[in-house]
Amino acid sequence: MKLWGGRFGKATDALVDDFNSSIRFDARMYKQDILGSVAHAKMLGKCGVISEEDAKLIQKTLLEILADIEDGKVEFKIDAEDIHMNIETILIDRIGDVGKRLHTGRSRNDQVALDIRMYLRDEIDEMSALLKETMSTVVALADEHSGTIMPGYTHLQKAQPVTFGHHMMAYFEMMKRDLSRLSDCRSRINVMPLGAGALAGTTYPLDREFVAEELGFDSVTHNSMDSVSDRDFIIELISCLSILMMHLSRFCEELILWSSNEFSFVEMDDSYSTGSSIMPQKKNPDVAELIRGKTGRVYGSLFTILTVMKSLPLAYNKDMQEDKEAVFDAIDTIKLCLPVFTNMIRTMTVRKDNMLSGAKGGFTNATDVADYLVKKGVPFRESHAVVGKMVAMAIEKGKALDEFTMDEFKSCSALIEEDIYDAISMQTCVDGRDLIGGTATARVQKEVLEAKEYLK
Ligand code: ARG
């Protein structure tokens, strides 16, 4: 008979057992479920709701069940529905009537809310550690390439020279925000819901703060109905993960472009590329493409949970069981992508020469020519127009601006002198942007130092 079977005259149809059951996917919360029950039993004993003796036996047996699960000795059953009732059933099988006292003052509604919060807290810690490794690798690349000049783009058109290190540190900034979003989200997850019961609280004199303390929560929830029906924190977590994936997808997109024959700025290591079954010459950046593609999966999970929660009346509804596969899949995807991404960028080759020659094309120093004239007293709007004409002339002559002869420069502006060549070299263009947030090598090096400090 089911743990809740008292009022039923018939067994559940096998189809319904299967349909209703969540053990296939919520089994992964076994540890949180058991530790939550251990704390609940301990509190029941301490508050005199059950005897200390019973509380001790329950706790001891739960921990034995945990060890058995970890040793692969336990088989969960579909007709016990979910992880909560599977473990309770095993407990009762082992210690009979004493085990039946565990669920006093508790409902699966507050129990599942507790378990998922504990579970997500642990996963956030793991994902944050993985993200930090990615960030260290990004910083190491920035460190190595603080002086590597490449073209910077806007509209995917060459704009101004930057350093590859600066470009890498742009991603570091994004990831730093991702990490801080995860930690913010964790603080809202780390609130203890047990004691809400099914929805209205419970008549037993439970010590909720004791349970919170036992389980490492920062505080307890303040409304029992909200406690069992809140899934904001799941929406928030998948939002954070979606933004993180969006950042990875942009990074991957650039790596894919840069690996193309047209750019040839980077080359993926053979161990992080794949070939074609028909074209012998191919070397494809599949890893980067897959990460870009998996971004869609994580966004999908976000929409799943947003839609599941939309318009749900208070308090608990079974719809909410659908939260788990979405959030688990989003987490699994992140944990799959981050390490492979980290190793992919760690092992890729950076083609400095191609980056530099890329920076030299496309008149990326045109702004610096205009700035040169500004320093000679020409108003910026006017120098912009003069340089615009110079660019047209350069296109016509098929040369770069710094390949102009002195006569050609003079024909554009009498103010231009010999020092123009130095003023508009790629190196000067980069090193001149020496202010907080600028691409100058010295600035990038400072940011790299701060980043290393942050990651410690
Ligand atoms: N497996 C359920 C879930 O994930 C647990 C809560 C069930 N509560 C209930 N009253 N049926 O939401």
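All ligand and atom numbering here is 1-based and tracks the order in the structure.
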- [ ] Test Phe251 against every option in Ile291, Val138, Ile256 by the side chain to side chain contact (heavy atoms under 4.5 Å, CB included) rule and name the one that passes.
- [x] Val138
Open item on the list: Evaluate Asp82 for polar contact with ligand 1, using N/O atom pairs at a separation under 3.5 Å.
Closed with: yes
Open item on the list: List ligand 1 atoms under 4.0 Å from Lys324, heavy atoms only on the residue side.
Closed with: 3 (C), 4 (O), 12 (O)
Open item on the list: Checking His40 against Leu44 for the side chain to side chain contact (heavy atoms under 4.5 Å, CB included) test, could you report, in this order, the C-alpha distance in whole Å, the side-chain angles of both residues, the deciding distance, and whether it holds?
Closed with: CA-CA 6 Å; His40 180 65; Leu44 291 177; 3.5 Å; yes
Open item on the list: Whether Asp434 and Arg443 form a salt bridge (side-chain N of Lys/Arg under 4.0 Å from carboxylate O of Asp/Glu) is what I want to check.
Closed with: yes
Task: Identity and separation of the nearest protein heavy atom to atom 10 (N) of ligand 1 - done: Asn109 OD1, 3.1 Å
Task: atom 6 (C) of ligand 1: nearest protein contact (heavy atom, Å) - done: Tyr316 OH, 3.4 Å
- [ ] Please name the pair of heavy atoms, one in Gly438 and one in His166, separated by the smallest distance, quoted to 0.1 Å.
- [x] O-CE1, 3.2 Å
Task: Taking atom 11 (N) of ligand 1 as the reference point, the nearest protein heavy atom with its distance - done: Arg108 NH2, 3.5 Å
Open item on the list: Polar contacts were defined as any N/O atom of the residue lying under 3.5 Å from an N/O atom of the ligand; does this apply to His84 and ligand 1?
Closed with: no
Task: Atoms in ligand 1 flagged as close to Ser22, the criterion being non-hydrogen separation under 4.0 Å - done: 1 (N)
Open item on the list: Looking at Phe233, I'd like to know if the NZ or CZ of Arg117 sits under 6.0 Å from its six-membered ring centre while staying within 45 degrees of the ring's axis.
Closed with: yes
Open item on the list: Please list all pairs meeting salt bridge (charged side-chain N to carboxylate O under 4.0 Å, His left out) that have one or both residues in residues 184-195, counting only residues at least two apart or in different chains.
Closed with: Asp125-Arg186, Arg188-Glu236
Open item on the list: Would Glu81 count as being in polar contact with ligand 1, using the rule that some N or O on each side must be under 3.5 angstrom apart?
Closed with: no
Task: N-O pairing of Asp332 and Arg297 below 4.0 Å - done: no
- [ ] Specify the protein heavy atom at minimum distance from atom 1 (N) of ligand 1: its residue, its atom name, and the distance to 0.1 Å.
- [x] Gln321 OE1, 2.8 Å
